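Structure record follows, encoded as structure tokens.
These figures come from a predicted structure and were not determined experimentally. These values consider heavy atoms only, across backbone and side chains, with no hydrogens, waters or symmetry-generated copies.
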Amino acid sequence: METLSNSILTVQIAEHGAELQSIKKDGKEYLWQGDAKFWGRRSPVLFPIVGRVNNKYRHAGNTYEIGQHGFARDMDFKLTYKEDKGAVYWLESTPDTLGKFPFPFRLLVGYLLEENKITVKWRVENLGAMDMYFQIGAHPAFYFPEFDAATKDRGFFVFDRKSDLEYIMPTEKGCVSPERHVLKLNKEGLMPIDIHTFDCDTYIFDNKQLKKITLLDKKKKPHISLEFNSPLVALWSPTKTHPDCPFVCIEPWYGRCDSVGYSGELKDREWIQKLEPKETFDVEYKIIIE
């Protein structure tokens, strides 16, 4: 476990999954601390796929099996760089990963503290001789501010767009249906959050509709924000099955689960990323503790 700190934030990161374990400001914990009753993880890195495939996927005439959100979150990374305000973790393909994902790769995950911001950086490198197809995403979970399980209200979301939003959602074995839905914001341009908000399970906003999401407390005061340039972002909380769940996830994604019934090639999956041999893919997002 490594600790990063500056005058405002203290952050902890585990080598297992290169996963954030804690974000504290003034002694207050902002990152969900994991409880299998609700969800045992905290902020996994989703690679080399985001979401689920339809049981199996196909590439170059072969069929492969891979679990939800890929395998990086369940592997031990190596710490390659560390200072007080930053750290970089490294993972490379192995014979085991090549049996699930037939591409030699290197994945670097970096964290950098800047005042009240945590910049999370990803670099994917294609180490092979063929084009590589992959997805990558974030899944950080944050405590609802001033959480009270005895009440139904949890706070609000505010977006960098005030008009109504379109979303899709998983409907069958974690795969999405083609139906598009409209999220109507209230008169203040906010999305109220209560114990029924996530009865649909997950909101997936695609087509680069958003670049910033802020979680507000019940008094509409900013609590945490995420800034990103990803083509998709998801919101999830398991309150449908656990109304007393104390957290919500804000998830920037470069990819998503299969559509229901999809049986095509990996390279033709929606929102797939492509890297030519020896190319790199560099992206980042920011967590802002308000």
Side-chain angles (χ1 to χ4, degrees), residues 13-20 34 36 39-80 88-110 120-140 170 172-176 202 230-232 234 251-283:
I13 309 152
E15 289 191 359
H16 188 70
E19 183 176 0
L20 276 170
W39 186 58
R41 302 180 189 268
R42 304 183 187 192
S43 182
V45 179
L46 317 180
F47 178 87
I49 64 165
V50 174
R52 292 184 185 274
V53 295
N54 274 297
N55 298 318
K56 301 177 180 180
Y57 74 91
R58 288 140 295 281
H59 174 69
N62 296 309
T63 300
Y64 300 87
E65 294 186 12
I66 192 168
Q68 182 182 26
H69 295 320
F71 47 68
R73 62 182 184 166
D74 296 316
M75 297 184 71
D76 291 329
F77 285 62
K78 295 180 181 178
L79 180 68
T80 62
V88 178
Y89 294 82
W90 168 89
L91 179 71
E92 273 197 11
S93 50
T94 67
D96 181 60
T97 69
L98 291 170
K100 304 171 186 176
F101 179 69
F103 304 99
F105 71 86
R106 182 182 294 122
L107 171 61
L108 300 174
V109 179
V120 184
K121 297 175 177 283
W122 298 323
R123 167 171 285 187
V124 182
E125 302 177 6
N126 181 359
L127 303 182
M130 306 293 289
D131 290 346
M132 182 173 112
Y133 299 93
F134 71 97
Q135 297 171 331
I136 191 167
H139 202 318
E172 185 179 319
K173 298 180 180 179
C175 296
V176 298
T202 306
S230 56
L232 307 100
E251 311 175 37
W253 290 350
Y254 291 82
R256 65 154 171 79
C257 54
D258 277 343
S259 297
V260 173
Y262 180 73
S263 60
E265 288 274 312
L266 176 67
K267 67 181 181 64
D268 297 320
R269 290 186 78 203
E270 294 182 276
W271 303 106
I272 200 73
Q273 306 297 322
K274 174 185 173 182
L275 270 181
E276 294 182 1
K278 312 308 177 186
E279 277 194 336
T280 62
F281 175 89
D282 289 285
V283 293

### Query
Are any non-hydrogen side-chain atoms of Phe134 and Asn126 less than 4.5 angstrom apart?
no

#### Entry: Any side-chain heavy-atom pair of Ile66 and Phe71 under 4.5 Å
yes

### Task
Search all heavy atoms of Glu19 against all heavy atoms of Ser43 and return the closest pair with its distance.
OE2-N, 2.7 Å

### Task
Go through the structure and list residues passing ring-ring contact (aromatic ring centres under 6.0 Å, His included) with Trp271, not counting sequence neighbours.
none

### Query
Hey, mind stepping through Asn54 and Cys175 against side-chain contact (heavy atoms from CB on, under 4.5 Å) and telling me if it holds?
CA-CA 7 Å; Asn54 274 297; Cys175 296; 3.4 Å; yes

## Note on the structure
Tightest non-hydrogen contact, residues Ala18 and Tyr89, listed as CB-CB, 3.7 Å

### Query
So, for Pro48 and Gly70, which heavy atoms are closest and what is the spacing to 0.1 Å?
CD-CA, 3.8 Å

## Note on the structure
Rounded to the nearest 0.5 angstrom, the CD1-NZ distance for Ile49 and Lys100 is 11.0 Å

### Message
Going by side chain to side chain donor-acceptor pair (under 3.5 Å), name the residues that satisfy it together with Glu125, two or more places apart in sequence or in a different chain.
### Response
Arg106

### Message
Run the side-chain contact (heavy atoms from CB on, under 4.5 Å) test against Ser259 and tell me which residues pass, sequence neighbours left out.
### Response
Val176, Arg256, Glu270

### Task
May I have the step-by-step check of side-chain contact (heavy atoms from CB on, under 4.5 Å) for Trp39 and His139, ending in yes or no?
CA-CA 12 Å; Trp39 186 58; His139 202 318; 3.4 Å; yes

#### Entry: Heavy-atom donor-acceptor pair, Glu265 side chain to Ala60 backbone, under 3.5 Å
yes

### Query
Do you know which two heavy atoms are closest between Gly137 and Trp122, and how far apart they sit?
C-CH2, 3.3 Å

### Message
Between Gln135 and Leu46, is the side-chain contact (heavy atoms from CB on, under 4.5 Å) condition met? List the steps.
### Response
CA-CA 8 Å; Gln135 297 171 331; Leu46 317 180; over 6 Å; no

### Message
Restricting to side chain to side chain donor-acceptor pair (under 3.5 Å), what partner residues turn up for Lys78, sequence neighbours left out?
### Response
none

#### Entry: Where Phe101 and Tyr133 come nearest, the two heavy atoms and their spacing
CE1-O, 3.1 Å

### Message
According to side-chain contact (heavy atoms from CB on, under 4.5 Å), who are the partners of Lys173, at least two apart in sequence or on a separate chain?
### Response
none

### Task
Could you pull out the closest heavy-atom pair between Ile136 and Val124, with the gap in Å?
CD1-CG2, 4.1 Å

### Task
Check step by step if side-chain contact (heavy atoms from CB on, under 4.5 Å) holds for Lys267 and Asp131.
CA-CA 9 Å; Lys267 67 181 181 64; Asp131 290 346; over 6 Å; no

### Query
Can you list the residues that meet the ring-ring contact (aromatic ring centres under 6.0 Å, His included) rule with His59, with sequence neighbours excluded?
Phe103

## Note on the structure
Across all chains, not counting sequence neighbours, the side chain to side chain donor-acceptor pair (under 3.5 Å) partners of Asp258 are Arg269

### Query
Could Asp74 and Arg41 be called an ion pair, given the rule that one side-chain N must be under 4.0 Å from one carboxylate O?
yes

#### Entry: Pairing residues for Glu172 by the side-chain contact (heavy atoms from CB on, under 4.5 Å) criterion, not counting sequence neighbours
Val260

#### Entry: Ala234 backbone acceptor or donor facing Glu251 side chain under 3.5 Å
no

### Residue list, side-chain contact (heavy atoms from CB on, under 4.5 Å) with Leu98, at least two apart or on another chain
Ser93, Pro104

### Task
Among residues two or more places apart or on two chains, list those pairs meeting side chain to side chain donor-acceptor pair (under 3.5 Å) that have a residue in residues 60-70.
Arg52-Gln68

### Task
Could you list the residues that satisfy side chain to side chain donor-acceptor pair (under 3.5 Å) with Arg123, not counting sequence neighbours?
Asp282

### Query
Can you name the ring-ring contact (aromatic ring centres under 6.0 Å, His included) partners of Phe105, sequence neighbours left out?
Phe47

